[in-house]
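Just so it is clear, the model here is predicted, and its values are computed rather than measured. Counting convention: from 1, in listed order, for ligands and their atoms alike.
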Amino acid sequence: MTVGFIGTGSMGRTLIEAFIQAGKLKPADILAANRTKAKAALLAKNHPGLRVAHSNRQLAEESPCIFLCIKPKEYRAVLEEIKDVVRPNQIVVSITSPVMIRDLEEWVPAKVAKIIPSITQAVLSGNSLFVPGSRLTEEDQEMLWDLFSTVSRPLVIEERHTRIASDLASCSPAFLANLLEKLADAAVEETKIPPEAARSLVTQMAHGLGRLLTEGGFTLESLQDRVAVPGGITREGLNLLDQDVGPVFNRLIRLTHAKYDEDVQQVQHSLCTGKKV
Ligand SMILES: NC(=O)C1=CN([C@@H]2O[C@H](COP(=O)(O)OP(=O)(O)OC[C@H]3O[C@@H](n4cnc5c(N)ncnc54)[C@H](OP(=O)(O)O)[C@@H]3O)[C@@H](O)[C@H]2O)C=CC1
Ligand SMILES: O=C(O)[C@@H]1CCC=N1
């Protein structure tokens, strides 16, 4: 089956390369289109057999399953371009959290799903968040589940939980990398340890931490208890983090939700103005 990807930016490329790496899709199964054609052409060069469509419309005509890997503001233009050629038996998957399934279902007669990926799929790990639309059959759901199982752990979520689940699965790699960067920078500032050593120490620690939590039988709580020996040094640090860092995450979640609400409004406005199918 040909799988089409509209948008070969950061996430479109990550997904394509993850499916190839997992052996789930062969390059010849993939048809890609991107506004800046050179980006899709480079992907085709790196994965011989992968085909580049000359337009989004051609891609939509030729792909039983179409992934929209574009940003919220780019939906209107792409939907305008493909809506007349999309058929009811096709599957259209959006990877964009603020685009509502019901809006997509108004624009195209296809079977729609929202699947939010994560950069962690580049190493075939992490969750992908699965929101099935009303027209998907059991068979379609199984096909998508099977596809994403090869690069992630798919998780069905309700659409109303899209934002918070994306914060945790998709944004948090950036949030936690930022915290580790701050930890390393503070170490350099306070002790003059060489920056490369500080970065290497936190990076290797993060690798081990991920494994402890996923394969090592630890929970978030048991890990802290195990490291913080009674009367020891770690407890001092944990007490400070409990006091100062917790509230930052409450603010962070309020911020991401406020931006999400704004994006939802903007997308709905852009998709509601003008002609639909
Ligand atoms: N990055 C991440 O970790 C995650 C991203 N997402 C979601 O994925 C979506 C894409 O994000 P990301 O890949 O990071 O963004 P990018 O900007 O890297 O990629 C978007 C791509 O879409 C292309 N594009 C834009 N308009 C069109 C068009 N009309 N026709 C064809 N291609 C077009 C752009 O082309 P051009 O080269 O011309 O700019 C660009 O390559 C977003 O909605 C984001 O929220 C979801 C989970 C995680
Ligand atoms: O920053 C963003 O908007 C996207 C959503 C999830 C991850 N990245």
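Protein non-hydrogen atoms do reach within 4.0 Å of atom 6 (C) of ligand 2. Distance remark: protein heavy atom present below 4.0 angstrom from atom 32 (N) of ligand 1.
Only the side chain of N56 comes within 4.0 Å of ligand 1, counting heavy atoms alone; its backbone N, CA, C and O stay farther away. Only side-chain heavy atoms of E74 come within less than 4.0 Å of ligand 1; its backbone N, CA, C and O stay farther off. When non-hydrogen atoms are compared, ligand 1 lies under 4.0 Å from the backbone of S10 as well as from its side chain. At a heavy-atom cutoff of 4.0 Å, ligand 1 is contacted by both the backbone and the side chain of K71.
For ligand 1, the atoms closer than 4.0 angstrom to any heavy atom of K39 are 36 (P), 37 (O), 39 (O), 40 (C), 41 (O). Residue contact check: V78 has heavy atoms under 4.0 Å from atoms 28 (C), 29 (N), 30 (N) of ligand 1. The N34 neighbourhood of ligand 1 comprises atoms 21 (C), 22 (O), 23 (C), 31 (C), 32 (N), 34 (C), 35 (O), 36 (P), 37 (O), 40 (C), 41 (O), with distances under 4.0 Å to a heavy atom of that residue. Residue S170 approaches ligand 2 through these ligand atoms, each under 4.0 Å from one of its heavy atoms: 6 (C), 7 (C).
Inter-residue side-chain proximity for R163 and S97 is flagged as met; some heavy-atom pair is nearer than 4.5 Å. Using a 4.5 Å cut-off on side-chain heavy atoms (C-beta onward), L104 and L79 make contact. In this structure, K114 and T162 have side chains that are in contact, with non-hydrogen atoms separated by less than 4.5 Å. In this structure the side chain of F249 never reaches within 4.5 angstrom of the side chain of R254, judged on heavy atoms. L144 has its side chain within reach of I91: a pair of non-hydrogen atoms, C-beta onward, lies under 4.5 Å apart.
Backbone and side-chain nitrogen or oxygen atoms of P72 are examined, and none is located within less than 3.5 angstrom of a nitrogen or oxygen of ligand 1. At least one N or O atom of T36, backbone or side chain, sits closer than 3.5 Å to an N or O atom of ligand 1.
Looking only at distances, a side-chain donor or acceptor of S125 sits under 3.5 Å from a matching main-chain atom of T120. Looking only at distances, a side-chain donor or acceptor of T96 sits under 3.5 Å from a matching main-chain atom of I70. With H161 contributing its side chain and I157 its backbone, the two residues share no donor-acceptor pair below 3.5 Å.
Counting protein heavy atoms only, atom 2 (C) of ligand 1 is closest to M11 CE, 3.4 Å. When hydrogens are left out, the protein atom nearest atom 46 (C) of ligand 1 is I95 O, 3.5 Å; that is the closest non-hydrogen contact. The protein atom (non-hydrogen) at minimum distance from atom 19 (O) of ligand 1 is G9 CA, 3.3 Å.
Ring orientation note: the planes of F5 and F19 are tilted relative to one another, at an angle of 30° to 60°.
At least one heavy atom of C171 sits closer than 4.0 Å to an atom of ligand 2. A heavy-atom separation below 4.0 Å is found between C69 and ligand 1. In this structure, P117 counts as a contact residue of ligand 1, since one of its heavy atoms falls inside 4.0 Å of the ligand.
Other residues, nucleotides and ligands place more than 12 heavy atoms under 6.0 Å from the CD atom of E215. Atom CD of E189 is surrounded by 12 or fewer heavy atoms from other residues, nucleotides or ligands within 6.0 Å.
Residue T234 holds its OG1 atom at 10.5 Å from CG of L241, rounded to the nearest 0.5 Å.
Here the shortest heavy-atom distance to atom 24 (N) of ligand 1, taken over T8, I70, L59, I82, belongs to I70. Between atom 27 (C) of ligand 1 and the options R35, E81, Q121, the minimum heavy-atom separation is to R35.
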